[in-house]
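Have a look at the structure below before the remarks.
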2 protein chains.
Amino acid sequence: MERVSTDDLADDLLRSAARLSRWASRHAAHDLPWAQARVLSLVEELGPARITTLAAADDTSQPTMTTQVQRLEAEGFVTRSSDPADARASLVELTPSGTAALAAARRARARTLEPVLTGLDADPARVRAAVDLLVELVEATRTAAVPEPAGTAS
Amino acid sequence: MERVSTDDLADDLLRSAARLSRWASRHAAHDLPWAQARVLSLVEELGPARITTLAAADDTSQPTMTTQVQRLEAEGFVTRSSDPADARASLVELTPSGTAALAAARRARARTLEPVLTGLDADPARVRAAVDLLVELVEATRTAAVPEPAGTAS
DNA sequence: CCACGATACATAGGAATCCTATGCACCTCA
DNA sequence: TGAGGTGCATAGGATTCCTATGTATCGTGG
C-alpha cells in the first residue's frame with residue numbers, strides 16, 4: 001500500500017535526521033549553544049535583520065528571539081543598530097567574532113561527522129544526492145502551507 | 001580539494017538534518033514533548049531497561065534520564081519494576097498507552113512531512129536511498145570512537 | 001491634527017530539557 | 001567485614017522555549 005510506505009519513509013527520514021543531528025550536537029567540540037548557533041546562522045543568511053524577522057525565520061516566538069539576541073550581543077557575537085525606518089526596531093548584524101564563532105562551530109560539527117562518513121566508505125556521489133534531497137526538503141518546508149496543529153487552538 | 005568538499009558535505013548534511021528535524025517537531029500536531037518521545041522510542045527498541053542503560057543509549061546524563069522516566073511514569077506511559085538481579089535497579093517498560101502515544105506522535109510527525117514530500121514530487125526511490133544513507137550513518141555513530149571534545153576536559 | 005489600532009521589542013513568570021555534585025542504598029570482591 | 005563501585009534520587013543551576021503583558025512608536029482614518 002503506497003500510502004503506508006510514504007508514511008514509513010517520512011517517519012524513518014525524520015527519526016534518523018533527529019538522531020544524527022542530536023549526536024553531532026552532543027559530540028562536537030565547541031562551546032556555542034545550539035540555539036545560539038542557529039541564530040548566528042540566520043543572521044549570516046539574512047543580513048541585518050529585525051528581531052521579529054529573525055523570530056519568523058526561526059519559527060520561534062518574538063520574546064525568545066529577543067533573549068537570544070541579547071545573549072549574543074552580550075557575548076560580542078552580534079551588534080544592534082537603530083532601524084532608520086522605524087524607531088521601535090533595531091537591526092541585528094554579525095560581528096567578526098560572531099562570524100568566527102559560527103565558522104568554528106560548523107567546522108567542529110563537520111569534523112565530528114567526517115570520520116563516520118569515511119568509516120562508511122560512502123560513495124561521495126551518494127552522500128551528495130542525499131544531502132541534495134534534504135536541502136530541497138528544507139527549502140520546501142519554508143513554503144509549505146502546513147495547517148496549524150489542531151490541538152493548539154484556543 | 002577533496003577534504004574541503006567532504007567538510008562541506010558533512011556541514012550541509014548536519015545543517016539540513018537539524019532544520020528538517022526542528023521543523024517537523026514544531027509543526028507536528030501532537031502533545032508529546034520531543035525528549036519524552038525519544039525516551040519512549042528507546043524503551044520500545046531496547047525492551048525493559050535500566051535507567052543507566054537508557055541514559056547511555058540516549059547519550060544523556062543519569063539524573064536527566066531519571067527525571068524523564070519519572071515524568072513518563074506519572075503520565076502512565078511507562079512502568080517500573082524491580083530488577084530481581086539488583087535491588088538498586090528498576091526496569092522501565094512501555095505501557096499500552098505509552099505505545100499508543102509514541103505511535104501517535106510518529107504518525108503526526110510523518111503526516112507533517114508527507115505533503116512536503118509529495119509536493120516535491122520526489123522519486124520514492126531517491127527518498128529511500130537518502131533515508132538508507134541516514135540510517136547507516138546513525139548506526140555508524142553508535143560504534144564510532146569519537147574522541148571526547150577536548151574543550152571539556154577538567 | 002488627533003485618536004485608535006497595530007506593531008516592535010522588553011519584561012515577567014513558567015515549562016521542558018539538559019548539566020554536575022552529592023547522598024543513600026545496594027553490590028562485589030578481597 | 002569493610003572498602004570501593006554502582007544505581008538511582010535530589011539539589012541547584014543553565015539553556016531554550018512559551019504566553020501574557022507593558023511601553024514606545026507607527027500608520028491610518030476621520
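Proteins come first, then strands; the chains are lettered A, B, ... in the order of their sequence lines, and each starts at number 1.
In this entry the distance linking CZ of B:Arg71 with P of C:dA15 reads 11 Å, nearest Å. Between A:Asp58 atom CG and D:dC17 atom P there is a gap of 7 Å when expressed in whole angstrom units. Atom CG of A:Leu91 is separated from atom C1' of C:dC9 by 13 Å (rounded to the nearest Å). A:Arg26 has its CZ atom 13 Å from the C1' atom of D:dA14, to the nearest Å. Atoms CG (A:Leu32) and P (D:dT15) sit 11 Å apart, rounded to a whole Å. C:dT7 atom C1' lies 14 Å from atom CD1 of A:Ile51, rounded to whole Å. When rounded to the nearest whole Å, the span between CG of A:Leu54 and P of C:dA8 equals 13 Å. Atom CH2 in A:Trp34 sits roughly 8 Å away from atom C1' in D:dT15 (whole-Å rounding).
No donor-acceptor pair under 3.5 Å is formed between the side chain of A:Ser41 and the backbone N or O of A:Ala37. Under the 3.5 Å distance criterion, the side-chain polar atoms of A:Thr95 are matched with a main-chain donor or acceptor of A:Phe77.
Distance check: A:Leu102 CG to A:Gln36 CD gives 11.5 Å after rounding to the nearest 0.5 Å.
Across B:Ser97 and B:Gly76, no two heavy atoms sit closer than the pair OG-O, 2.9 Å.
Contact check, B:Thr64 against C:dC19: a side-chain N or O comes under 4.0 Å of OP1 or OP2. Contact annotation: B:Arg38 side-chain N/O to C:dA16 OP1/OP2 distance is not under 4.0 Å. Listed pair A:Gln36 / D:dT15 fails the phosphate criterion, with no side-chain N or O lying under 4.0 Å from OP1 or OP2. In terms of phosphate contacts, B:Thr60 brings no side-chain nitrogen or oxygen within less than 4.0 Å of OP1 or OP2 of C:dC18. Residue A:Ser61 places at least one side-chain N or O closer than 4.0 Å to OP1 or OP2 of D:dC18. For C:dT11, one of the phosphate oxygens OP1 or OP2 lies less than 4.0 angstrom from a side-chain nitrogen or oxygen of A:Gln70.
Scored by the side-chain hydrogen bond (donor to acceptor under 3.5 Å, both in side chains) test, A:Glu73 finds A:Arg80 as partners (sequence neighbours excluded).
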Polar pairs (N or O, both sides) under 3.5 Å between protein and nucleotides 21-25 of chain D?
{"from": "D:dT25", "atom 1": "O2", "to": "A:Arg88", "atom 2": "NH1", "distance (Å)": "2.9"}

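Listed nucleotides C:dA10, D:dA9, C:dA16 differ in distance to B:Arg80; the shortest reach to its side chain belongs to D:dA9. Among the nucleotides C:dC9, C:dC18, D:dC8, the one closest to the side chain of B:Arg50 is D:dC8.
The shortest side-chain heavy-atom distance between B:Arg50 and B:Asp86 falls under the 4.5 Å cut-off. With a 4.5 Å cut-off on side-chain heavy atoms, B:Gln68 and B:Thr60 do not count as touching.
Backbone-only contact: B:Thr52 has heavy atoms under 4.0 Å from sugar-phosphate atoms and none from a base. Using a 4.0 Å heavy-atom cutoff across all strands shown, A:Thr67 reaches no nucleic acid atom at all.
A side-chain donor from one of A:Gln62 and A:Thr66 sits under 3.5 Å from a side-chain acceptor of the other.
The nearest heavy atom of DNA chain D to A:Pro33 and to A:Ala85 marks one nucleotide each, and the one closer to the 5' end goes with A:Pro33.
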